[in-house]
Amino acid sequence: MTYPTQPEASHFVNGRYLEDTAGAAMEVIYPATGEVIATLHEATPDVIEQALTGAQAAQAEWARLSGMERGRVLRRAADIMRARNRELSVLETRDTGKPLQETLVADATSGADALEYFGGLAGSLTGEHVMLPGGDWGYAIREPLGVCVGLGAWNYPTQIACWKAAPALACGNAMVFKPSETTPLSALKLAEILLEAGAPAGLFNVVQGAGDVGGPLVTDARVAKVSLTGSAATGRKVYAAAAAGMKHVTMELGGKSPLIVFDDASIEDAVSGAILGNFYSSGQVCSNGTRVFVHRSVAPKFLERLSARVANAVIGDPLDEATNFGPMVSEAQLRIVLGYIEKGVADGARLVCGGRRIDRPGAWIEPTVFADVRDDMTIAREEIFGPVLSVLEFDDEDEVIARANASEYGLSAGVYTRDLQRGHRVIGRLRAGSCFINSYNDAPVELPFGGVKASGVGRENSKAAIAHYSQLKSVYVRMGETEAPF
Ligand code: NDP
């Protein structure tokens, strides 16, 4: 079945599609073929103004509802999203190039999970009550922050929009969301769905454009919080701009995460973890375990099984559900990744498989494995954000922990071992926010997600996200007389 990719208009503001052709044109490209599937316009100052004014008005109305009432809207939105999963997945595939086999189970579905989870929590969001000396007492009220801005990356457009909108709205905030200009389509669908589920017009607005649209949103005095998913470089800029206005922030940034395979691990499971942590979404996942540290004694076996299994990747039309490896999101990203591969070869890493552009229209690149990688090589230090896996060998536990931690990033870390105590001991010493033992890249909404060091600030998902979308007002109640020194 085919679904239209050209939206009714570029933006969704105040409960309706909105166009302003004065904004620069943005072409949306299906990366599997290079075909233009939609043409949108960047938000003009007038569109941004309408979105912020609308969000402010809707927030006041929304915050007056009880948590139960707000939660009901979010849970209804989750149901609509699940009912429309196939249509939303096809759109996500066309927007990002990710195989339908993935988008059917990882994008709108994880977005719906977030809407359902935070919808369920909304009714039980509370502050606290404290008894104080002399019969006095105090209470703390959990209040919304106000208007929040969400800025999204291009790898998980639906999921990112939902991971930000669901906790924000559950807490009584409104949101103005700017998707990546590379993947602007699916956030518009979330806006449609929330409206259909009963959210007031203006509660969730989508404005299109690049950093020059994100910039004014971040600095606007009406905005209380900025939540960004993007690169560490953008994170530094956005965090600094938000700090000038003393705004709350959540920064979900990049990574160069370690995946450690000990000699007692199930090699087949470890290879599965390495595939999930490097080639899912063609490697365009922030939490990927791109530095695969393998114990020297099992490295030959690991590489043999890894290359045999990578050869089984089904590369082809992403809309064919048998395909399990798609293109890069864009020609620009493909060029960045090819540049890193060239650098790896030049630095002396051994190319085990892949490494080339695939000869077909669109932004395709082979799944690539490097062996004999050293810690000081560029491919072992910098985030590549493509299907490039580096194998680094190690001899003992203390050594590998020190090497794994020697990164400016700290988003994720994984350990493969059959020794239960070692698994927990090693994870305990790794400096990362989202970790895995005998698994890789699971991100259930019930668990906090986020990084340490240059990988970010704050947490998404789980009850922890509530603290990042609300603030406490404390109230002291004196039961007796007020005493003063004079
Ligand atoms: P970018 O950092 O380039 O952009 C992120 C978003 O910020 C985009 O919407 C972008 O707009 C916008 N933006 C850029 N500059 C500014 C600015 N000065 N002010 C306001 N907004 C701005 O990231 P990518 O889209 O290239 O995504 C890839 C990166 O995202 C990777 O580094 C990856 O690790 C990270 N990421 C992190 C995740 C996490 O949860 N930790 C998850 C997924 C990805 P535009 O692009 O339209 O110019």
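Note: hydrogens, waters and symmetry copies are ignored here, and every other heavy atom, side chains too, is used. Counting convention: from 1, in listed order, for ligands and their atoms alike.
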Salt bridge flag under 4.0 Å for residues [X] and [Y]:
X: E382; Y: K256; answer: no
X: R236; Y: E408; answer: yes
X: R84; Y: E192; answer: yes
X: R82; Y: E116; answer: yes
X: K189; Y: E196; answer: no
X: R381; Y: D375; answer: no

Please list the nearest protein heavy atom to [atom] with its residue and the distance rounded to 0.1 Å.
atom: atom 47 (O) of ligand 1; value: E181 N, 2.8 Å
atom: atom 9 (O) of ligand 1; value: G152 O, 2.7 Å
atom: atom 40 (O) of ligand 1; value: E252 CB, 3.2 Å
atom: atom 25 (O) of ligand 1; value: W154 CD1, 3.0 Å
atom: atom 18 (N) of ligand 1; value: K237 CD, 4.3 Å
atom: atom 42 (C) of ligand 1; value: C286 SG, 2.7 Å
atom: atom 35 (C) of ligand 1; value: G230 O, 3.0 Å
atom: atom 41 (N) of ligand 1; value: L253 O, 2.6 Å

Part of [X] within contact of ligand 1 (heavy atoms, under 4.0 Å):
X: E460; answer: neither
X: Y156; answer: neither
X: N155; answer: side chain
X: V285; answer: neither

- Query: How far apart are the C-alpha atoms of E446 and S462, what are their side-chain angles, what is the distance that settles it, and do they pass the side chain to side chain donor-acceptor pair (under 3.5 Å) test?
  - Reply: CA-CA 4 Å; E446 301 94 324; S462 81; over 6 Å; no
Discussion item. I'd like to know whether the aromatic ring centres of Y156 and W163 sit less than 6.0 Å apart in this structure.
Written reply: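 No, the ring of Y156 stays outside the 6.0 Å limit from the ring of W163, centre to centre.
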### Message
For a side chain to side chain donor-acceptor pair (under 3.5 Å) check, start with the C-alpha distance between Q208 and S10, then their side-chain angles and the critical distance, and finish with the verdict.
### Response
CA-CA 7 Å; Q208 308 291 355; S10 301; over 6 Å; no
TODO: Indicate yes or no for a side-chain donor-acceptor contact from T183 to the backbone of P179 under 3.5 Å, with no hydrogens or angles considered.
DONE: no
Do side-chain atoms of S439 reach the backbone of F436 as a donor and acceptor pair under 3.5 angstrom? no
Next item on the list: Decide whether an N or O pair under 3.5 Å exists between K178 and ligand 1.
Entry: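 Indeed, backbone or side chain, K178 has an N or O that close.
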*Does any N/O atom on S231 come nearer than 3.5 Å to any N/O atom on ligand 1?*
yes
Proximal ligand 1 atoms for [X], defined as those under 4.0 Å from one of its heavy atoms:
X: L228; answer: 5 (C), 6 (C), 7 (O)
X: G209; answer: 47 (O)
X: L411; answer: 41 (N)
X: T234; answer: 1 (P), 2 (O), 3 (O), 7 (O), 13 (N), 14 (C), 15 (N), 16 (C), 22 (C)
X: G215; answer: 19 (N), 20 (C)
X: A210; answer: 11 (O), 45 (P), 47 (O), 48 (O)
X: E383; answer: 31 (C), 32 (O), 33 (C), 34 (O)
X: L151; answer: 20 (C), 21 (N)

**Report entry** Evaluation steps, salt bridge (charged side-chain N to carboxylate O under 4.0 Å, His left out), between E342 and R357
**Finding:** CA-CA 12 Å; E342 275 172 32; R357 183 176 189 143; over 6 Å; no
Review point. Checking side chain to side chain donor-acceptor pair (under 3.5 Å) against T250, which of H468, K225, E460 comes through?
Key: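 The single option meeting the side chain to side chain donor-acceptor pair (under 3.5 Å) with T250 is K225.
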